[in-house]
Amino acid sequence: MNAAWFQPWIGLIKAVGWPGTDNDCAWLSGLNRMAESRAIRNSSGLPIRFIASAALAKPPGGHPMAYEVGIAESGQVPTRADGEAAWHDYFNALVWLEFPQTKAAINRRQSEAIAADGISGERGPLRDALTLFDESAVLFSSRDRSDCRDLQDAEWTHLFVERRDHFERRTRCQVIGHALLHKLLTPYKAICGHALVIDESSESVSADRASDIHADIHSDVDADIDADFAGIGKTNIDGERIELDRIVSTLISASSFGKDQLTPLPILGIPGWWSANSQPEFYNDHRVFRRRQR
């Protein structure tokens with residue numbers, strides 16, 4: 001849990017606990033205490049609660065309800081309590097706690113799409129894009145538009161080698177895809193996220209907030225988490241996180257949102273995130289650091 005991609009989550013993990021082997025589900029209670037403390041709600045205003053999957057009541061008639069619809073209509077998030085699947089659902093819950101507006105927007109749009117189109121063999125382009133973001137998103141936040149362009153053009157050497165010092169000063173990344181966080185428990189070179197670019201130099205992010213957002217992604221939130229968990233002593237980090245959440249949820253809610261707004265990003269290539277990438281040769285593996293198909 002000391003890896004760079006987990007640093008923004010460490011304080012929260014310590015506060016709520018983590019899945020263990022004794023199946024006592026103490027961590028599930030921790031998640032719900034935090035959800036109540038932070039007043040986490042879905043887009044309909046219903047309180048979000050994490051319910052062990054085995055404890056969920058079956059709907060009338062015994063027909064299973066779509067996962068997203070169930071959350072939208074009840075606020076209850078099915079959470080597997082043991083085995084490897086528990087980690088997947090645990091990270092999903094952490095993202096609900098840290099980015100509730102974003103998760104609520106994803107859930108609302110998924111539910112609306114299901115209501116309009118039903119559930120069939122194919123999810124359709126909007127639900128595909130929302131699922132891809134939900135599972136594997138990385139927030140790529142930069143004060144330099146050229147870093148954003150380099151990422152979108154897959155100019156890996158220019159972005160991560162030639163301008164490495166510049167990147168580390170002006171650009172930050174945070175993993176918020178819950179499946180990606182799960183995968184990163186056992187990282188490997190080819191592991192890839194999908195980046196949502198937040199161009200802090202654009203008019204969509206005001207100049208006075210850009211530095212706050214930048215600081216939020218880079219900060220170590222381990223400090224003061226106990227006070228946060230108790231619902232007192234809120235720090236500036238809380239306000240910055242909430243603002244970042246608002247910006248991301250707005251992007252997700254836009255009618256233009258789609259897969260074309262998500263850019264593949266090999267996680268272990270991010271400077272400072274993996275010791276081997278300090279050597280320029282690390283990026284010569286074109287099976288991982290692929291050129292963009294135009």
Side-chain angles (χ1 to χ4, degrees), residues 5-6 8-9 11-13 15-16 27-28 30-51 53 56 65-80 85-115 123 126-141 174-183 193-196 198 213 216-217 221 228 238-254 257-258 261-262:
W5 46 83
F6 285 132
W9 303 96
L12 187 58
I13 290 169
V16 304
W27 56 275
L28 197 57
L31 292 171
N32 282 315
R33 289 197 303 272
M34 181 65 87
E36 185 176 2
S37 173
R38 291 187 172 181
I40 305 300
R41 298 181 180 275
N42 68 10
S43 60
S44 300
L46 296 173
I48 288 293
R49 295 295 180 265
F50 304 100
I51 309 298
S53 298
L56 283 172
M65 182 179 294
Y67 173 84
E68 298 87 351
V69 174
I71 296 171
E73 293 187 357
S74 70
Q76 296 183 339
V77 180
T79 305
R80 291 167 290 187
W87 284 100
H88 183 96
D89 290 358
Y90 171 75
F91 285 118
N92 179 56
L94 292 188
V95 182
W96 266 107
L97 294 175
E98 286 288 275
F99 292 88
Q101 295 179 79
T102 297
K103 290 291 283 187
I106 293 170
N107 177 243
R108 175 180 56 79
R109 299 207 72 188
Q110 290 272 27
S111 300
E112 289 173 349
I114 291 171
R123 286 185 293 235
L126 175 59
R127 290 187 65 206
D128 275 347
L130 292 166
T131 300
L132 186 65
F133 180 91
D134 196 24
E135 299 276 345
S136 65
V138 183
L139 304 183
F140 184 97
S141 178
Q174 180 173 350
V175 176
I176 69 167
H178 62 276
L180 184 56
L181 286 166
H182 183 198
K183 286 181 181 178
H194 289 84
L196 178 69
I198 301 173
I213 295 167
D216 179 46
I217 293 179
V221 297
D228 180 36
D238 292 307
E240 293 157 6
R241 169 177 53 80
I242 291 168
E243 176 65 7
L244 179 62
D245 184 25
R246 184 194 65 78
I247 290 169
V248 176
S249 67
T250 299
L251 294 173
I252 291 293
S253 297
F257 178 76
Q261 290 183 264
L262 302 175

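Residue numbers run from 1 in the order of the sequence given.
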Inter-residue atom distance [X].[atom1] - [Y].[atom2], 0.5 Å rounding:
X: N42; Y: S74; atom1: CG; atom2: OG; value: 8.0 Å
X: N107; Y: E73; atom1: CG; atom2: CD; value: 10.0 Å
X: T250; Y: F257; atom1: OG1; atom2: CZ; value: 12.5 Å
X: I40; Y: F99; atom1: CD1; atom2: CZ; value: 11.5 Å
X: E98; Y: L244; atom1: CD; atom2: CG; value: 10.0 Å
X: N32; Y: W27; atom1: CG; atom2: CH2; value: 10.0 Å

(message) Enumerate the salt bridge (Lys or Arg N to Asp or Glu O under 4.0 Å) contacts for residues 40-50, please, sequence neighbours excluded, ordered by first and then second residue.
(response)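 Passing the test, one end in residues 40-50: no pairs.
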
Which atoms form the tightest heavy-atom contact between [X] and [Y], and what is the distance?
X: L180; Y: G193; value: CD2-CA, 3.7 Å
X: R38; Y: L97; value: NH1-O, 3.0 Å
X: R109; Y: A254; value: NH1-O, 2.9 Å
X: F140; Y: A195; value: CB-CB, 4.0 Å

Taking salt bridge (Lys or Arg N to Asp or Glu O under 4.0 Å) as the test, write out the residues that go with [X], two or more places apart.
X: D245; result: none
X: E112; result: R108
X: R80; result: D89

Within-4.5 Å side-chain heavy-atom neighbours: [X] and [Y]:
X: E243; Y: R246; answer: yes
X: V248; Y: L196; answer: yes
X: L94; Y: L181; answer: no

(request) Report yes or no: does W9 contribute a side-chain atom to a donor-acceptor pair with the main-chain N or O of V175 at less than 3.5 Å? (result)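 A pair under 3.5 Å: yes.
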
(request) Mind running side-chain contact (heavy atoms from CB on, under 4.5 Å) on Q76 and I71 for me, showing each step along the way? (result) CA-CA 5 Å; Q76 296 183 339; I71 296 171; over 6 Å; no

Identify each donor-acceptor pair in which a side-chain atom of residues 129-139 lies under 3.5 Å from a protein atom, sequence neighbours left out, and give them as a table.
from: T131; atom 1: OG1; to: Q110; atom 2: NE2; distance (Å): 3.1
from: T131; atom 1: OG1; to: R127; atom 2: O; distance (Å): 2.8
from: D134; atom 1: OD1; to: K103; atom 2: NZ; distance (Å): 2.7
from: S136; atom 1: OG; to: L132; atom 2: O; distance (Å): 2.8
from: S136; atom 1: OG; to: H194; atom 2: ND1; distance (Å): 3.0

(message) Less than 4.0 angstrom from a charged side-chain N to a carboxylate O is my criterion; do R33 and E36 meet it?
(response)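 E36 and R33: not salt-bridged.
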
(request) Given side-chain contact (heavy atoms from CB on, under 4.5 Å), test Y90 with T79 step by step and report yes or no. (result) CA-CA 7 Å; Y90 171 75; T79 305; over 6 Å; no

(message) Please enumerate all residues that pass side chain to side chain contact (heavy atoms under 4.5 Å, CB included) together with S249, with sequence neighbours excluded.
(response)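 S249 satisfies side chain to side chain contact (heavy atoms under 4.5 Å, CB included) with Q101, T102, A105 only.
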
